[in-house]
Amino acid sequence: MTSFHYNKPKKKKKNHESRLPRRVAANLQTRKIFSGSEVSRSGAPCSASLRLATPCNVSSRLPHAKRATRETADRLGRFPAASLRRARRRARRHAFENTAQELSDTSPDMQYKDTQVSVPPRASDPGWAHGIMVNGGRQKIKCKYCHKVMLGGGISRLKQHLAGERGNVAPCEEVPEEVKVQIQQHLGFKVLEKLKKQKGLSNSKDSAPYLQYREEGENEDGMRTQKTVCTRGKRRRREKEAMECISNQMKKHKKHSFPAATTIVAQPLHQSFASQEIIAQADLAVARFMYESGIPFTAANSHFYQQMADAIAAAGPGYKMPSYHALRGKLLNKSVQDAEEYEEELRKSWDVTGCSVMVDRWVDKTGNSVINFFVYCPKGTLFLKSADASDISECPDALLNLFDCVVQEVGHKRIVNFVTDASASCKAARKLLMEKYKTFFCSTCGGYGIELMLEEIGKMNEVKVVLAKAKKITQFIYNSAWMLNLVRRKTGGRDIVQLASTRFASTFLTLQNMVALKHRLEKIFASAAWMHSTFSKQKAGLELAEIIADQLFWSLCDQILKVTKPLLSVFQLMDCEEKPSVGYVYDAMEKAKKSIIVSFDNKESDYVQYLEIIDHIWQEELHSPLHAAAYYLNPSIFYNPSFSTNKVIQKGLLDCIETLEPNLTAQVVITSNINFYEEAVGDFGRPVALRCRESLAPATWWSLYAADYPDLQRLAVRILSQTCSIIRYKRSRTMFERMCSKKKNRLEQQRFNHLAFVHYNLHLQHSRRSEASKAIYTRGTLDPICLEAIDANMGDWVEDLGAIGSDGLSWMDVTVPGEWKFLNHRVENMDDCNDSTDDRGSDDGRGVDTNDDM
C-alpha cells in the first residue's frame, strides 16, 4: 500500500502587529500617533495629530470597544447576525463618544477651536431648544444641561439623551424634570404617529392619543394592528417607556378642583411641540368662540382656562366637547356633588374654630339688589347661597327673616361673627338678630370701614383739588395710544392706574403709584419726544405739562399719602384671607394712627383733622368687643413689651366671655385661668411656646399650649379664628342679572342656584390656593382701560373728555402692559421705588427706555 504524506505549507513570518486582529492593530497605530513626536508643548496632541483621530481609525478600534463588542456578542449570541451587527455598531458608537469626550477634555486647543452654533437655519424640531451645534454640523450637538457632546445621531440622539432612553446614548443627569417629560411626550407622539402611518390608522377612532395610551374601548382591528406593529422590539420599548413615564409624571402632578373631584389631567406644558401654524389656528379657534359667545376677556385669567386646554390635548384628536345638555345636566350635577363634599369638609371645622357669616350686598344703578352669603373659617371660605333682595333691601324686618334663615342653616352655636355692610337697614337688621340669639357678635365689614375713611378724606377740599389734577393726568395718558406707549416704555410697562377691590382704595393707590413714578413722568414731559409731538402744543397737553412741573402739586400728594398709606396697609390686612384678621385689627389701627402722627412731626394742627375722621368711623362703625378680645388674646401682641391695656380692652374681653360661653360655670373657670396666660405659667411658658409666639398663627398657638385650660383654650381659638371683613371675590354680573330676573321657572331656578353654588366656590377655592402661594392674579395682565376686569368704579380716571387731539393710532398700536400684579388686596411698599426701575418689561421684552428720544 502506498502511503501518502500531507506536507503543511509553511506560514509566512509576520511581525507582532500583523498577527493581531485588524481592530487592535489600528488601535496600536493610533496610540503611536498620540505617543510620538506629534505632541504640542502643552502636552496635548497637536492639531495635525487630532485630524488623524477620525471615526474611521479611532472610534471602533480601541480595546474597550472590542471588549464591549465581545460581551454584547456573547449576550446576544442566540440572535441572528443582523442583531449582532447592530449591537457591535452601538458599542462602537459608545466607545467613540467616550474617546472623543476624553480627547476634548485633555485638549484645550480642540475645545476652543470648535465653533458652537445654537440651531441650524429653518430648524423646527423642539429638541434644538436644548442643544448647541458644534462646528456648525447637525451631527455634533452639545447638551445645554450636562454639556455632553453627541457625535452622530443628530437631534434624535440628543432627544433620546434628554428623555433618558438607554441604548444609543447615556441619559442626561442634569436635565430639568419638566423638559424631560416634554421630550418624552414628544417622542411618544412621534412613535404613535409612525404607527398610524404604517397601518393606515390616521382616521381611526381607536388610535391612541399622544399623551396617554388607551387600553380600553379599542376594537379588535385596533388591537390586532397594535399587536402586529409592537412586535418590533425597539419601537415597542420606546413607546412603552415613554407612555409609562408620561403617565407617572401626570399622576405625580395631578390636581383636584375639590377634594373628591375627578382628576384634572394635565400639568400645563411649558412648550408646545406643534408647529406655529397649528398653534395660530388653535388660538384663532379659541378667540372666535369667545367673541361669538360674548365671553369677557377676563375669562382668560381663569385658573381653569389652561387646564381645559391641557385636558383637551390629553384626550387627543377627535375629542368632542360636551353638549349643551351635558353642561347643564350631568356635568353640572357632578360639579355640585364635588362642591358639596368640599362644603362638608369645611363644616366639620366649624364646630372647633367657629365661623364668620359674611353678608355681601350688591346694588346696581337700577336699584336691584342681590345678597350673597359666605361662611369663613381658617380652613376656607364657602359660598352658601344668593338671594334677590330688591324688594326688601330697605326693610329691616324682612332682612331679619332672611338673616335668620342663614343662621339656622349654619347653626347659631357655630357662628362667632356676623359681618354686614354699614347701610342703615343692615345695621338695624343685625341688631335685631343679635338681640334674638345673644350668642354671637354682629359687626361692620372692616374693609368697608376703611373705605368710608378714605371716602371722607377724599371729600376734603385740598384733597379734592389734588385728585382732580391727578385724574387729568391719567385721562390724558390713557386716551392717547402714542402717549400711553411712551409712558409704558419709560416706566418698564408699569401702569399708573392701580385697580383694587373698592373705589377709594383704587383712587389712593393710583395716587401713590403716580408719586412713585414722579421722576420718570418729569423726564417724559421734558424729553425731546414730548417737545416735538403735537400734544405739547395743544391746550390739554400744555395744562398737563404744567401739572407735572408743579412742585406744590407733588408736595400736596405727599401730604395726602402720609394719611392714606397707613390706612391702605390696614385695608390690606383686613381684606386678606391668608390668615384670620380679627387678632390684628385693633393693633393695626393703633399703629396706623401713630404712624400718621409721626409723619406730620407730631404737629397736631396738621393731622388732627384726619384723625377726627378716623376715630369717628372707628367708634361708630368698626369697633367691636371681638376686636378688643382678639387683641388681648393674640400672644404675638400681648407678650410684646409695648403692649398696654385699657378699659376698652378689658370690657371687650368680658363681653366675649359672657356672649360666646353660655355656661356660667365655664365663664368663672375662664376668668380664673386668664392669670395663667398673663403670667405665662405652665405650658404657656415653655421655651418652644415662647419661640412660637410670633411664628405661629394665634389660634394654632392656643391649640398647642393651652391644653391644661380647655375652656379658655376653646374660647381663644374661636375668637382668633374669625375674620372681620367680607372676603373679596369675583362678582359675576351674569349671575346678578339672572338672580334679579322677574320671570322664573321653579326647576330652572333650582338649576341656577346650583350653578351659582359651583361658580363661586370654584373661584373661592382657587383664589385661596393662589394666595397661599403668594401668586394672586399673576396670570395675565388686567389692563386699566378694560374695566370689566373689576367693579372698581374707576371709569372716570380713564374717561375720554374729548379734549385730546387724534394721534393717528388705534387700540392695536397700544403697547401691552407689563406683567404688573393686580392688587386685589395686596398693597405694595413703594417707599424705595421712586428712583428705581422696575425690571418687568412689556411683552415685547423691552425694559425701561432711558433715552429721551422716541
Side-chain angles (χ1 to χ4, degrees), residues 258-260 336-360 371-387 402-420 430 433-434 436-443 445-446 576-583 624 626 629-630 633 656-657 659-663 666 670 697-704 706 710-727 729 757-758 760-765 767-769 771-772:
F258 291 107
V336 169
Q337 293 174 2
D338 294 337
E340 287 175 345
E341 292 182 11
Y342 172 66
E343 177 187 7
E344 288 301 318
E345 184 181 351
L346 294 182
R347 282 181 176 272
K348 293 176 183 177
S349 66
W350 296 350
D351 295 325
V352 178
T353 63
C355 62
S356 297
V357 175
M358 301 178 294
V359 181
D360 182 55
I371 296 180
N372 292 327
F373 294 93
F374 299 86
V375 184
Y376 170 88
C377 71
K379 198 167 186 178
T381 302
L382 175 74
F383 169 80
L384 197 63
K385 67 178 183 178
S386 292
L402 180 60
F403 293 170
D404 191 22
C405 292
V406 174
V407 170
Q408 293 180 18
E409 184 174 350
V410 176
H412 70 93
K413 293 184 179 179
R414 293 171 166 176
I415 299 174
V416 177
N417 197 17
F418 197 92
V419 186
T420 69
R430 76 190 189 197
L433 186 69
M434 192 172 172
K436 178 179 180 179
Y437 286 100
K438 299 180 180 180
T439 57
F440 54 82
F441 292 95
C442 294
S443 62
C445 169
C576 179
E577 193 185 358
E578 188 174 349
K579 62 181 179 181
S581 57
V582 72
S624 167
L626 204 61
L633 294 172
C656 285
I657 294 174
T659 302
L660 299 178
E661 182 50 72
N663 189 302
I670 291 172
T700 305
W701 187 87
W702 275 92
S703 64
L704 290 174
D711 294 323
L712 176 60
Q713 180 188 50
R714 182 174 181 273
L715 176 72
V717 168
R718 297 184 75 217
I719 291 175
L720 294 168
S721 297
Q722 307 312 312
T723 186
C724 60
S725 184
I726 297 173
I727 302 302
Y729 63 98
F757 184 70
V758 172
Y760 286 118
N761 281 313
L762 280 173
H763 173 74
L764 286 168
Q765 190 182 19
S767 64
R768 180 178 179 84
R769 189 163 55 239
E771 187 169 350

Exercise. Roughly how far, to the nearest 0.5 Å, is CD of E409 from CG of D404?
Worked result: 12.0 Å
Problem set entry | Least distance between heavy atoms, L720 atom then A630 atom | CD2-O, 3.6 Å
For this session: For the pair D351 and R414, evaluate side-chain contact (heavy atoms from CB on, under 4.5 Å) and give the outcome as yes or no after the intermediate values.
Result: CA-CA 6 Å; D351 295 325; R414 293 171 166 176; 2.8 Å; yes
Exercise. Taking S721 for the side chain and R718 for the main chain, is one N or O donor matched with an acceptor at less than 3.5 Å?
Worked result: no
Problem set entry | For L384, the option from V406, N761, V357 that meets side chain to side chain contact (heavy atoms under 4.5 Å, CB included) | V406
For this session: Evaluate the criterion side-chain contact (heavy atoms from CB on, under 4.5 Å) for residue pair Y376 and N417; output intermediate values, then yes/no.
Result: CA-CA 10 Å; Y376 170 88; N417 197 17; over 6 Å; no
Exercise. Looking at CZ of F757 and OH of Y342, how far apart are the two atoms once the value is rounded to the nearest 0.5 Å?
Worked result: 9.5 Å
Exercise. Considering all heavy atoms of both residues, which atom of I726 and which atom of V359 are nearest to each other, and what is their separation?
Worked result: CD1-O, 3.1 Å
Seminar exercise, completed: In this structure, CD of Q722 is separated from OG1 of T353 (nearest 0.5 Å) by 6.5 Å
Problem set entry | Worked verdict on I415 versus C355 for side-chain contact (heavy atoms from CB on, under 4.5 Å) | CA-CA 5 Å; I415 299 174; C355 62; 4.2 Å; yes
For this session: To the nearest 0.5 angstrom, please state how far the NE2 atom of H412 sits from the OG1 atom of T439.
Result: 5.5 Å
For this session: Please assess V419 against C724 for the test side-chain contact (heavy atoms from CB on, under 4.5 Å), listing each intermediate value before the final yes or no.
Result: CA-CA 7 Å; V419 186; C724 60; 5.9 Å; no
For this session: Quick one: sort the Y760 and F374 rings into parallel, tilted or perpendicular, breaks at 30° and 60°.
Result: perpendicular
For this session: Determine the minimum heavy-atom distance between L715 and I670, stating which atoms define it.
Result: CD2-CG2, 3.9 Å
Problem set entry | Pairwise side-chain contact, F440 with V407, heavy-atom cut-off 4.5 Å (strictly under) | yes
Exercise. Looking only at heavy atoms, which two atoms of M358 and S725 are closest? And how far apart?
Worked result: SD-O, 3.4 Å
For this session: Grab the two heavy atoms, one from L633 and one from W702, that are nearest each other, plus how far apart they are.
Result: O-NE1, 2.8 Å
Seminar exercise, completed: To the nearest 0.5 Å, atom NZ of K438 lies from atom CG of L660 at 15.0 Å
Seminar exercise, completed: Closest heavy-atom pair, C442 versus R430, reported as atoms and distance to 0.1 Å, is SG-O, 3.5 Å
Seminar exercise, completed: When rounded to the nearest 0.5 Å, the distance separating SG of C656 from CD1 of I719 is 4.5 Å
